[in-house]
Amino acid sequence: MNCLITGATGNVGRYVVSGLKDMHVYAGVSSGKSAERLPEHTDYRVLDFSDEKTWQNALKDIDALFLMRPPHISNIKRDMLPFLQAVKDSEVKHVVFLSLAGAEKNKVVPHHKIEKYILELGITYTFLRPTFFMQNLSTTHLQEINEKNEIIVPAGNGKTNFIDVRDIAATVCETLGKEEHYNQAYTITGKESYTYNEIAEIMSEELKRKIVYKNPSVIRFYKEMRKKGYQRKFILVMIGIYYTTKFGLADIRTNELQQIIKRKPIGFRQFVKDNLSLFQ
């Protein structure tokens, strides 16, 4: 079976590429330059959602597709629906889409529209709806943690369920191309939920320095993220996600991940221990 993994150099995709067995894996990358970040001897195909000239070759002889929304894409009808139509017309038999916990009810997030179009097109799917990535703290928020010893997110005192991307990738590997998971949707979560004050306490203990949770206003958060160079639409999606936390809607726990990967999820403390070098 041939599979195409989009976002192959990102947080989730790179673990999917290395974790898939008994399949011929093609890493989907935006350019040949991006392919330089792939492990040696990884087969790849250039795929640009905004350039339909790349679609035919990217999808050629592909049986299963792992689909991620690039963070910069928010106009789904314009920038992803044409590609989804190409997937429908191709030989792809199964699409695993990395969605978002609660996306089926939250019409604000782009993931909702992608799910909707996949259903309308009649594509055989599996929707994986994870909670908040632990790795967002070691990527998006790494700078303020390392430079200011602060976590700056407008999440109030609500609890967030955190999931390690390694567990998400393991779930992708267990579902991609597997008929028993066709046309199913799974909300996959970590084993515990935390307030950001509790997250800061755990990080303080493991990093041996004081980490403080700052709960900024939406305006301050927006300005801070713009200073870092993030695009406006990406920041607004983030604000929407953090506001679900603020109002207690991100404390979600299910057993679906454990049932699929046949082991317990990686805990947040273990995530910090495994990434100590990043937080120095």
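Just so it is clear, the values below take in all heavy atoms, side chains as well, and ignore hydrogens, waters and symmetry mates. Computed from a predicted model, the values in this text were never measured in an experiment.
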Name each donor-acceptor pair under 3.5 Å that joins a side chain in residues 67-82 to protein atoms two or more places apart or in another chain, with its distance.
unit_1: Arg69; atom_1: NH1; unit_2: Pro71; atom_2: O; d: 3.3
unit_1: Arg69; atom_1: NH1; unit_2: Ile73; atom_2: O; d: 2.6
unit_1: Asn75; atom_1: OD1; unit_2: Arg78; atom_2: N; d: 3.1

Item to complete: Evaluate the ring planes of Phe268 and Phe271, with Trp represented by its six-membered ring, and classify them as parallel (under 30°), tilted (30 to 60°) or perpendicular (over 60°).
Response: tilted

Less than 3.5 Å apart, which donor and acceptor atoms pair up between the side chains of residues 37-48 and the rest of the protein, not counting sequence neighbours?
unit_1: Arg37; atom_1: NH2; unit_2: Thr9; atom_2: OG1; d: 2.9
unit_1: Thr42; atom_1: OG1; unit_2: Pro39; atom_2: O; d: 2.7
unit_1: Asp43; atom_1: OD2; unit_2: His24; atom_2: NE2; d: 2.7
unit_1: Arg45; atom_1: NH1; unit_2: Asn57; atom_2: O; d: 3.2
unit_1: Arg45; atom_1: NH1; unit_2: Ala58; atom_2: O; d: 3.2
unit_1: Arg45; atom_1: NH1; unit_2: Lys60; atom_2: O; d: 2.5
unit_1: Arg45; atom_1: NH2; unit_2: Lys60; atom_2: O; d: 3.4
unit_1: Asp48; atom_1: OD1; unit_2: Ser50; atom_2: N; d: 2.9
unit_1: Asp48; atom_1: OD1; unit_2: Ser50; atom_2: OG; d: 2.7

Worksheet item: How many angstroms lie between CG in Leu137 and CD1 in Ile145, if you round to the nearest 0.5 Å?
Response: 5.0 Å

Worksheet entry | Heavy atoms of other groups near Glu52 CD, more than 12 under 6.0 Å | no

Discussion item. Under 3.5 Å, is there a donor on one side chain and an acceptor on the other for Ser193 and Asp251?
Written reply: yes

Worksheet entry | Donor-acceptor side-chain pairing of Thr245 and Thr160 below 3.5 angstrom | yes

Worksheet item: What class does the angle between the rings of Tyr186 and His181 fall in, given that below 30° is parallel, 30 to 60° is tilted and above 60° is perpendicular?
Response: perpendicular

Worksheet item: Would you call Glu192-Arg253 a salt bridge at under 4.0 Å N-O?
Response: no

Worksheet item: Within a reach of under 6.0 Å around CZ of Arg232, are more than 12 heavy atoms found that belong to other residues, nucleotides or ligands?
Response: no

Show me the donor-acceptor pairs within less than 3.5 Å that the side chains of residues 114-123 make with the rest of the protein, sequence neighbours left out.
unit_1: Glu115; atom_1: OE1; unit_2: Arg129; atom_2: NH2; d: 2.8
unit_1: Glu115; atom_1: OE2; unit_2: Ser99; atom_2: OG; d: 2.6
unit_1: Glu115; atom_1: OE2; unit_2: Arg129; atom_2: NE; d: 3.0
unit_1: Lys116; atom_1: NZ; unit_2: Glu120; atom_2: OE2; d: 3.2

Practice prompt. Take the angle between the ring planes of Tyr242 and Tyr196 and call it parallel below 30°, perpendicular above 60°, tilted in between.
Written response: perpendicular

Discussion item. Could you check whether Gln135 and Asp164, counting side-chain N and O atoms only, form a donor-acceptor pair closer than 3.5 Å?
Written reply: yes

Worksheet item: Among side-chain atoms of Asn197 and Glu201, is any donor-acceptor pair under 3.5 angstrom?
Response: no

Worksheet item: Should the pair His111 and Phe97 be assigned to parallel (<30°), tilted (30 to 60°) or perpendicular (>60°) ring geometry?
Response: tilted

Discussion item. Counting only heavy atoms not in Lys223 (residues, nucleotides, ligands), do more than 12 fall under 6.0 Å from its NZ?
Written reply: no

Fill in: Residue Gln280 excluded, over 12 heavy atoms near CD under 6.0 Å
yes

